[in-house]
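Notes to accompany the following structure.
Labels below follow one simple rule: chain letters A, B, ... track the order of the sequence lines, proteins then strands, and each chain is numbered from 1. All values reported here derive from a predicted model rather than from experimental measurement.
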There are 2 protein chains.
Amino acid sequence: MISAESLSASQEDYLEAIFHISEKKMAARAKDIAKYLNVKASSVTGALRILGKHELINYAPYDLITLTDEGRAIAEEIVYRHQALEKFLVNVLGIDREDADAAACKMEHHVPKAIIERLVKYAEYVDHCPRGGVSWESGFGYYCKHGCTDQDCERCTGEMEIKTEKQL
Amino acid sequence: MISAESLSASQEDYLEAIFHISEKKMAARAKDIAKYLNVKASSVTGALRILGKHELINYAPYDLITLTDEGRAIAEEIVYRHQALEKFLVNVLGIDREDADAAACKMEHHVPKAIIERLVKYAEYVDHCPRGGVSWESGFGYYCKHGCTDQDCERCTGEMEIKTEKQL
DNA sequence: ACAAAAAGTAAGGCGCGCCTAAAAATATCT
DNA sequence: AGATATTTTTAGGCGCGCCTTACTTTTTGT
């Protein structure tokens with residue numbers, strides 16, 4: 001029994017790739033995985049053997065590759081993280097979908113579960129109650145482009161910035 | 001000339017450690033760095049040689065370790081990313097400072113610059129114009145604990161969730 | 001000054017994850 | 001079926017980043 005925490009980032013990528021490929025083709029081939037991950041086919045074999053050893057995939061040489069129940073559960077968890085991150089980046093921060101996807105790929109292995117959950121809550125809040133939340137559409141996008149245009153805003157005198165102590 | 005992008009996560013950690021240690025002691029010793037990064041002193045030597053070769057630190061065997069101007073600039077960029085992330089996690093998402101710091105450590109090497117900048121903007125917006133933004137204090141924290149309590153909220157019938165297509 | 005302690009360095013090893021080149025298994029075509 | 005093309009696996013190598021062990025340099029105490 002392997003917990004999702006003990007997988008390396010690379011192994012998570014393989015699991016995620018297998019999951020996505022399996023959605024469309026019933027089973028994944030090594031070649032597909034290699035193409036999906038921009039990796040050589042020979043690199044895939046080793047990864048598959050490890051995932052097989054952990055019983056996350058059904059793997060036998062020259063045979064079809066499928067996820068075990070446990071593997072699928074973990075893969076879904078990973079995909080969930082990716083989607084949650086991407087959704088947050090797009091809906092809240094206003095990042096382009098394409099950039100958000102790329103960023104999510106980089107980040108997904110390194111954001112603690114607790115943070116993901118909080119961030120889902122936040123996106124949900126923004127999406128659910130637009131009158132209270134700040135999405136890109138409801139104010140933040142405008143602020144991003146034009147800054148604070150509220151004449152009466154008492155903060156506009158004392159600007160706040162994040163600076164390193166010794167920064168010039 | 002080395003750009004900040006070409007440094008490995010590990011090298012960034014070393015640079016960051018040297019920066020923080022130098023803030024308090026004028027110069028860093030290998031032992032301090034080892035302790036700071038929970039790494040053996042012998043592992044430090046190799047890293048220092050690489051950073052020295054890239055002219056990010058002034059390094060000579062048995063001598064004091066200081067940052068070059070370029071090294072300091074990059075270190076400040078790294079620290080900035082860490083602080084920006086942490087601030088966002090705390091002020092916007094309401095994560096405990098301690099957890100936020102740990103999370104920032106894990107994430108800081110993997111969040112694209114453009115995302116960091118957007119996220120700084122967002123935190124700034126929330127902090128700057130609390131009447132418009134949603135910080136932990138101004139509504140989101142309450143929502144997190146109690147959910148949407150607006151009786152008239154027309155969204156509360158059609159719940160939205162992030163789900164994998166095949167998820168049970 | 002000189003032995004003892006502390007700090008730093010060198011050499012060699014290990015795991016991970018990728019690569020290339022070549023061999024083996026499988027699929028396809030006539 | 002037999003030749004050919006495709007896919008997969010094996011074998012061996014490389015870089016990174018960490019480790020341990022042993023050695024050298026510097027600092028410290030008397």
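- Separating the OH atom of B:Y62 from the C1' atom of C:dG8 is a distance of 5 Å, rounded to the nearest angstrom.
- Summary of the strand contacts: A:P61 and B:A28 both lie near DNA chain C, and taking for each the nucleotide with the nearest heavy atom, the more 5' one is attributed to B:A28.
- Atom NE2 in B:H109 sits about 13 Å away from atom C1' in D:dG17, given to the nearest Å.
- Regarding contacts with the backbone of C:dC16, every side-chain N or O of A:Y14 stays at 4.0 angstrom or more from both OP1 and OP2.
- A perpendicular orientation is assigned to the rings of B:F88 and A:F88, their planes being inclined by more than 60° (bins at 30° and 60°).
- Of the side-chain N and O atoms in B:S42, none sit less than 4.0 angstrom from OP1 or OP2 of D:dC19.
- The separation between B:R29 atom CZ and C:dA5 atom P is 19 Å, rounded to whole Å.
- The residue B:V39 sits close only to the backbone: its heavy atoms come under 4.0 Å of sugar-phosphate atoms, none of a base.
- Within the 4.0 angstrom heavy-atom criterion, base atoms lie near A:A41.
- Side chains of A:E86 and A:H82: a donor on one and an acceptor on the other come within 3.5 Å.
- If you check D:dC18, C:dG17, C:dT20 against the side chain of A:S8, the one that comes closest is C:dG17.
- Taking atom CD1 on B:I50 and atom C1' on D:dC16, their separation rounds to 8 Å, with Å as the unit.
- Comparing D:dC18, C:dG8, D:dT9 by their nearest atom to the side chain of B:S10 picks out D:dC18.
- Applying the side-chain hydrogen bond (donor to acceptor under 3.5 Å, both in side chains) criterion to B:T66, with sequence neighbours excluded, gives B:N58.
- The phosphate of C:dT9 has neither OP1 nor OP2 within less than 4.0 Å of any side-chain N or O from B:R49.
- Ring geometry for B:H110 against A:H110 counts as parallel: the plane angle stays under 30°, on a 0 to 90° scale with 60° as the upper cut.
- Rounded to an integer number of Å, the gap from B:L51 CG to D:dC16 C1' is 14 Å.
- A straight line from CG of B:L37 to P of D:dG17 spans 13 Å, rounded to a whole angstrom.
- Phosphate contact (OP1/OP2 of C:dC18, side-chain N/O of A:K40, threshold under 4.0 Å): absent.
- A sub-4.0 Å separation between OP1 or OP2 of D:dC19 and a side-chain N or O of B:S43 is present.
- Using a 4.0 Å cut-off, some side-chain N or O of A:Y59 falls inside it from OP1 or OP2 of D:dT9.
- Whole-Å rounding puts the A:I65 CD1 to D:dT7 C1' distance at 11 Å.
- Atom pair B:L64:CG and D:dT26:P shows a separation of 12 Å (rounding to whole Å applied).
- Residue-environment remark: CG (A:D69) stays at or below the threshold of 12 foreign heavy atoms within 6.0 Å.
- One finds a side-chain N or O of A:T45 lying less than 4.0 angstrom from the OP1 or OP2 phosphate oxygen of D:dT9.
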